[in-house]
Amino acid sequence: MLQLFAEQTAAAQVLESANSTTFGVWFMIAVALVFFMQAGFAMVETGFTRAKNAGNIIMKNLMDFCIGTVMFILIGFGLLLGEDAAGLIGKPGFDIFTSYDNFAWDQFVFNLVFCATTATIVSGAMAERTKFLSYCIYSGVISALIYPVEAHWIWGGGWLAQMGFHDLSGSCAIHMVGGICALIGAKMVGPRIGKFTKGTDGEIKVNAIPGHNLTIGALGVFILWFGWYGFNPAAASKVSQLDSIFLTTTVAPAVATVVCMIFTWLKYGKPDVSMCLNASLAGLVGITAGCDVLDCAGAIAVGVVSGLIVCFGVWLLDYKLHIDDPVGAVAVHMCNGIWGTIAVGLFATSTAPGYDIQIDAGTLKGEGLFYGGGFEQLGIQLLGFASVAAWAAVTVAITFLIIKKTIGLRASKQEEIIGLDATEHGLASSYADFAPSMNDISMLGYMEDDAKSVTKAPAHTAVPVEKAVEVESYTADIDKNKFTKLVVVFKQTKLAEFLHAMEQIDVTGITVTNVMGCGMQSGAKEYYRGTAVETNLLPKVKAEVVVCKVPARTVIDAAKKALYTGSYGDGKIFVYDIENVIKIRTGEEGYEALQDGSHAQA
């Protein structure tokens with residue numbers, strides 16, 4: 001009997017050891033996933049802003065983590081997980097240097113990547129107009145002081161943890177705090193030039209400033225969602241708990257995105273891409289606090305509310321508070337961080353695998369209001385949210401005020417218009433040869449008054465083809481000394497038809513360029529993140545051809561026939577006289593210079 005008992009005990013010890021090792025390895029894999037979220041934040045912020053600031057945003061996201069690491073070594077880690085002092089802060093220390101063999105290496109790295117997430121949230125809301133030096137300073141303050149202190153209250157054995165406040169992975173400690181810092185920072189730094197304009201009647205008009213690459217933004221969202229599978233279940237200690245967290249972390253953002261899609265479709269006539277991307281992140285933020293103690297029904301409820309809150313948050317900042325947040329950081333992180341914190345007090349349930357674990361640890365008092373637990377847990381969650389919000393708001397406001405009064409927060413108007421890539425980092429373009437860049441134009445120092453508004457023509461019904469492009473009387477009688485250049489600007493989708501039409505009239509020498517036109521086609525109402533787009537850069541094709549033997553009228557008629565749809569944006573044709581044509585290779589001039597196996601040459 002004793003031998004059997006000993007064997008069972010040994011087997012249990014082996015199983016416990018294997019389980020501990022497995023979850024220890026998983027813990028560090030999760031850390032790597034959370035670190036990879038930095039790439040997601042960088043891509044979202046870059047895609048949702050303009051190309052002239054892409055390098056600046058990448059640099060900020062890089063330095064978030066690097067500066068945060070230095071500050072976390074010096075003081076942040078001690079304040080967070082040092083010996084508790086009255087439930088308020090951890091005692092700073094240098095065990096990482098003086099007692100490295102006994103140091104909690106895993107806890108340091110784990111909490112470091114979470115800390116970096118808090119700091120990087122702020123960069124999106126203040127993007128495109130904040131000084132890089134100022135950003136580095138306040139990012140360091142967040143990592144050294146603001147985040148570690150309130151995180152100690154929740155995760156370091158502080159007073160909130162002792163009360164039973166529950167925030168498993170940081171709806172409150174990370175996302176709400178980062179969102180509050182973003183809100184105050186965006187308010188203090190002011191809106192981007194052109195975001196808000198005041199009319200003669202005193203009304204403030206909201207102008208859309210679309211991001212330059214939603215593809216990159218979407219990639220960032222998918223990276224973040226993937227990283228969240230490490231962010232939320234990192235601390236899981238049982239397989240069932242791990243599996244349940246994966247489920248809730250999947251359901252909430254999916255539901256939030258569907259709700260947002262339906263809402264924007266009904267409100268604006270079309271589903272808004274950027275808002276739906278924000279909604280995915282909103283659902284993830286909303287489920288982060290209670291992902292281990294909510295069931296599927298609770299996750300669905302969190303997702304529904306998150307999908308609506310993110311739309312409300314963007315509208316509130318734009319139309320009521322007039323605070324410019326280019327990427328929706330406040331709506332995603334602050335608004336849904338608050339909601340996720342409160343949701344624990346509403347939907348926590350004993351059927352979730354993580355419930356008993358948290359009860360035993362003392363970091364949860366009971367079930368949520370809607371599951372028969374009464375108001376106790378909800379009251380604790382509300383107290384925790386209010387306390388952490390107050391700490392974050394006061395400390396970051398003081399930080400921003402000091403920076404603003406000393407070195408300044410905001411870049412100059414000229415620097416903002418040229419772009420922070422050029423002025424802060426000496427980059428003509430972050431894309432170089434990969435995509436068209438502004439090159440020298442971006443360095444000329446244009447000011448905001450140089451860009452004039454485009455006057456919109458009144459909307460009309462479609463016009464018949466014979467009146468689609470009116471050309472004043474033009475004499476097509478041509479001799480060998482008469483050259484005509486025709487420039488045709490039209491929709492990109494019509495390029496193949498245009499080239500075919502030119503080939504049919506023996507015009508084969510054509511220069512084709514992708515161009516962008518500034519304006520808004522009459523009758524076309526577009527929205528970006530719930531704001532009507534008044535003027536925009538519209539992609540077009542510009543085709544240039546010089547003719548002599550082929551009559552210009554023939555080219556005009558062929559182009560009109562190929563390009564006509566009767567809709568706005570069909571294009572325009574410009575006709576110019578050309579004095580001479582010279583072929584560089586042979587030195588031929590005039591009519592003969594155009595005759596090189598084709599009847600026309602641009």
Side-chain angles (χ1 to χ4, degrees), residues 16-17 19-38 62-120 136-163 165 167-170 172-174 177-178 230-231 233-237 357-358 360-363 384 387-388 391-392 395-396 399:
E16 182 180 353
S17 177
N19 187 63
S20 176
T21 301
T22 299
F23 278 96
V25 172
W26 157 247
F27 187 71
M28 298 314 296
I29 292 173
V31 167
L33 289 174
V34 177
F35 171 75
F36 189 50
M37 290 173 71
Q38 290 292 123
L62 174 64
M63 297 317 297
D64 274 331
F65 186 82
C66 296
I67 293 174
T69 299
V70 174
M71 301 310 295
F72 212 59
I73 290 172
L74 294 177
I75 190 171
F77 182 72
L79 289 175
L80 200 167
L81 289 183
E83 182 183 348
D84 181 59
L88 297 176
I89 61 170
K91 294 180 181 178
F94 292 95
D95 289 350
I96 194 172
F97 298 115
T98 60
S99 184
Y100 187 75
D101 55 338
N102 296 315
F103 189 68
W105 316 293
D106 57 343
Q107 289 298 322
F108 176 85
V109 180
F110 175 73
N111 284 281
L112 169 61
V113 293
F114 275 69
C115 177
T117 300
T118 308
T120 201
C136 290
I137 293 172
Y138 73 70
S139 179
V141 172
I142 291 172
S143 298
L145 178 66
I146 297 174
Y147 167 78
V149 170
E150 52 87 10
H152 175 81
W153 299 351
I154 299 170
W155 296 325
W159 66 278
L160 282 176
Q162 296 168 19
M163 289 184 64
F165 179 80
D167 181 16
L168 182 71
S169 298
C172 178
I174 295 173
V177 169
F231 195 93
S237 57
I357 297 173
Q358 299 302 331
D360 293 342
T363 52
S387 303
V388 173
W391 162 259
T395 51
V396 83
T399 301

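Just so you know, residue 1 is the first one in the sequence shown, and it goes up from there.
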Suppose the criterion is side chain to side chain donor-acceptor pair (under 3.5 Å): which pairs have a residue in residues 70-82, not counting sequence neighbours? none
First locate atom CH2 of Trp391, then atom CH2 of Trp153, and finally report the distance between them rounded to the nearest 0.5 Å. 6.5 Å
More than 12 heavy atoms of other groups within 6.0 Å of Phe108 CZ: yes
Rounded to the nearest 0.5 Å, the CD1 atom of Ile137 sits from the CD1 atom of Ile67 at a distance of 9.0 Å
With a cut-off of 3.5 Å and sequence neighbours excluded, list every side-chain donor-acceptor pair involving residues 82-90.
residue, atom, partner, partner atom, Å
Asp84, OD1, Gly87, N, 3.2
Asp84, OD1, His152, NE2, 2.6
Asp84, OD2, Gly87, N, 3.0

Residue set satisfying side chain to side chain donor-acceptor pair (under 3.5 Å) with Thr363, at least two apart, ordered chain then number -> Gln358
Using 0.5 Å steps for rounding, measure from the CE atom of Met71 to the CG atom of Leu145. 9.0 Å
Identify every side-chain donor-acceptor pair in residues 154-163 under 3.5 Å, counting partners at least two apart or on other chains, and give the distances.
residue, atom, partner, partner atom, Å
Trp155, NE1, Asp167, O, 2.8
Gln162, NE2, Gly157, O, 2.8

With Phe27, which residues qualify under side-chain contact (heavy atoms from CB on, under 4.5 Å), at least two apart? Asp106, Gln107, Phe110
What's the shortest heavy-atom distance between Ala119 and Ser143, and which atoms? CB-OG, 4.1 Å
Partner residues of Ser139 under the side chain to side chain donor-acceptor pair (under 3.5 Å) criterion, sequence neighbours left out: Asp64
I'd like to check the side-chain contact (heavy atoms from CB on, under 4.5 Å) partners of Ala32; sequence neighbours left out, ordered by chain and number. none
Over all heavy atoms of both residues, which pair between Ile174 and Ser169 is shortest? Give the atoms and the distance, please. CD1-O, 3.7 Å
What is the minimum heavy-atom distance between Leu79 and Pro92, and which atoms define it? CD2-CG, 3.8 Å
Write out all pairs satisfying salt bridge (charged side-chain N to carboxylate O under 4.0 Å, His left out) with one or both partners inside residues 140-155, taking only residues at least two apart or from two chains. none
Contact summary for Ser237 and Ile357, nearest pair of heavy atoms: OG-CD1, 3.9 Å
How about Phe114 and Phe231: are their ring centroids closer than 6.0 Å? yes
Could you please spell out the steps behind the side-chain contact (heavy atoms from CB on, under 4.5 Å) verdict for Phe72 and Leu80? CA-CA 9 Å; Phe72 212 59; Leu80 200 167; 4.0 Å; yes
Kindly say whether Phe94 contributes a backbone atom to a donor-acceptor pair with the side chain of Thr98 at under 3.5 angstrom? yes
Atom CH2 of Trp26 and atom CG of Leu33: how far apart are they, to the nearest 0.5 Å? 6.0 Å
Give the intermediate values and the outcome of side-chain contact (heavy atoms from CB on, under 4.5 Å) for residues Phe77 and Ile96. CA-CA 10 Å; Phe77 182 72; Ile96 194 172; over 6 Å; no
Would you call Thr120 and Phe65 a side-chain contact if the rule is heavy atoms closer than 4.5 Å? no
